[in-house]
Structure formats: C-alpha cells, structure tokens
Amino acid sequence: GDATQAQTDVDSFDVLEPLSDGFRNYQKTDFSVSPEEMLLDRAQLMGLTAPEMTVLIGGLRSLGISAGEAGLWTDGKSLSNEWFVKLLDMNVAWSPTGANSYQAKDRSSGAAVRSASRVDLVFGSNSQLRALAEVYAQDDSKDKFISDFIAAWSKVMNSDRFDLQ
C-alpha cells in the first residue's frame with residue numbers, strides 16, 4: 001500500500017528527484033548543457049526516435065503535463081494535435097523572458113498569449129523537428145497523431161518489461 005506523508009522519510013527520496021526532464025518541462029537548476037540537449041539525451045536513453053519524442057511531447061503538453069505553466073496552450077483535458085497547431089502559429093512572435101522561458105505576443109494586438117520553454121520551442125526552430133511538428137499540425141493528421149502517441153506511449157511504458165522481450 002501507499003505510505004502517508006508522515007510515514008515517509010522525505011529527505012531519503014531527494015536523490016531520486018531528476019535534475020531535468022524535458023518531457024515534463026522540468027529543470028531543477030540551470031546547467032551548462034541546454035534543456036533541449038538534455039531532452040535528446042533522455043529520449044536516446046529511452047530508445048525513442050525523433051518522431052516518437054515529438055509526438056510524446058505534443059501529447060503530454062496537450063494533456064496538461066508540464067512542471068510549470070510553460071507549454072500549456074490547450075485545455076489540458078483531451079489528447080489532440082492542437083499543441084502543434086499553436087506551436088507553429090505565425091500570428092505570434094516569441095521573445096525571451098529568461099534563461100529558459102519565452103513569451104508569445106500576438107503580432108496584431110501585442111497581447112501576451114502563451115509561454116514556453118526552450119524544450120517547447122525547439123520543435124519549431126530545429127528543421128528536422130519542425131518537419132515532424134508540421135506533419136502533426138495538419139488538419140488531416142489528428143488520427144495519425146493519436147495513433148502515433150499511443151504507440152510511443154506503449155513503447156515507453158513497456159520498455160522495462162523483460163517478460164515482453
């Protein structure tokens with residue numbers, strides 16, 4: 001069974017806290033290595049391909065999974081390709097607000113509309129990742145996005161099951 005907070009030695013679990021997790025948009029502190037490089041390292045350790053990493057990030061963000069508010073541009077209640085559509089929206093201009101934070105402002109009104117991290121924006125700035133994001137952002141790719149997310153999620157969830165290999 002699960003232990004209550006009072007039954008847990010919280011300090012002993014500090015060593016298990018990750019230093020960085022791009023899939024959750026989490027970074028404990030600033031490092032000399034960029035957040036997007038740490039994401040690629042984690043994806044490689046998990047055996048993910050670039051399309052699998054891309055679809056997992058977009059799916060997790062569309063479901064509202066982020067350590068902060070960065071990258072949460074949907075209602076967070078349904079799995080959809082809306083995150084990619086908003087990532088590639090040319091009606092906004094991104095500007096840095098910190099070492100690992102960016103803000104999008106509407107080009108016509110100047111109003112702030114969303115925030116992102118470097119991990120989020122790498123899918124719009126890197127040519128290979130952008131090509132994958134453009135595939136998932138298309139109107140006719142909704143079903144492809146969902147089936148690819150399910151396949152990537154299943155791969156990650158079953159990756160440490162030795163009885164399946």
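The analysis underlying the following values was restricted to heavy atoms, covering all of them including side chains, and did not include hydrogens, waters or symmetry mates.
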Test log, rule side-chain contact (heavy atoms from CB on, under 4.5 Å), inputs R61 and T74: CA-CA 8 Å; R61 297 293 187 278; T74 66; over 6 Å; no
Candidate pair E134 and L88, rule side-chain contact (heavy atoms from CB on, under 4.5 Å), full reasoning: CA-CA 8 Å; E134 287 175 356; L88 302 175; 3.6 Å; yes
Trace of the side-chain contact (heavy atoms from CB on, under 4.5 Å) decision for T54 with T49: CA-CA 9 Å; T54 302; T49 64; over 6 Å; no
Worked verdict on V135 versus F84 for side-chain contact (heavy atoms from CB on, under 4.5 Å): CA-CA 9 Å; V135 168; F84 291 108; over 6 Å; no
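When atom types are taken as modelled, the side chain of T97 and the backbone of Q103 share no donor-acceptor pair closer than 3.5 angstrom. Remark: the backbone N or O of A137 is not paired with any side-chain donor or acceptor of S141 at under 3.5 angstrom. N100 contributes a side-chain N or O that, together with a main-chain N or O of R118, makes up a donor-acceptor pair within less than 3.5 Å. The closest donor-acceptor contact from the side chain of N126 to the backbone of V122 lies at 3.5 Å or more, if one exists at all. Distance alone, capped at 3.5 Å, is enough to place a donor-acceptor pair between the K86 side chain and the W73 backbone. Listed for the W94 side chain is no donor-acceptor partner under 3.5 Å among the backbone atoms of L121. At least one donor-acceptor pair closer than 3.5 Å links the side chain of S101 to the backbone N or O of G98. Counting only distance, with no hydrogens or angles, the side chain of S78 and the backbone of S80 share no donor-acceptor pair below 3.5 Å.
Here the straight-line distance linking atom CG of L39 with atom CD of E36 works out to 8.5 Å at 0.5 Å rounding. With values rounded to the nearest 0.5 angstrom, E52 atom CD is found 3.5 Å from K155 atom NZ. With values rounded to the nearest 0.5 angstrom, I57 atom CD1 is found 10.0 Å from L129 atom CG. Within the model, atoms OG of S115 and CG of D120 stand 8.0 Å from one another, a figure rounded to the nearest 0.5 Å. Atom CG of residue L40 and atom CE of residue M53 lie 5.0 Å apart, to the nearest 0.5 angstrom.
The hydrophobic cluster containing L72 does not contain F149, counting ILVMFWY residues as joined when their side-chain heavy atoms lie under 4.5 angstrom apart, directly or transitively. Each of L45 and L56 belongs to its own hydrophobic cluster when Ile, Leu, Val, Met, Phe, Trp and Tyr are linked at side-chain heavy-atom distances under 4.5 angstrom.
Heavy atoms only, all atoms of each residue included: R107 and M90 are closest at NE-O, 2.8 Å. Across every non-hydrogen atom of A133 and L87, the tightest pair is CB-CD2, 4.2 Å.
Atom CG of D9 sits in a crowded spot, with more than 12 heavy atoms from other residues, nucleotides or ligands closer than 6.0 Å.
Classification of the F123-W83 ring pair by plane angle, with boundaries at 30° and 60°, yields perpendicular.
Within the 4.5 Å cutoff, the side chain of I150 has heavy atoms near those of the I146 side chain. You'll find the side chain of S62 stays beyond 4.5 Å of the side chain of E82, heavy atoms only. Looking at heavy atoms from C-beta onward, Q138 lies out of side-chain contact with V85 at the 4.5 angstrom threshold. Counting heavy atoms from C-beta on, the side chains of K105 and V92 never come closer than 4.5 Å. For the pair D139 and N81, the minimum side-chain heavy-atom distance is 4.5 Å or more. In this structure, V55 and W153 have side chains that are not in contact, with every pair of non-hydrogen atoms separated by 4.5 Å or more.
A donor-acceptor contact under 3.5 angstrom links the side chains of D148 and Y136, judged on distance only.
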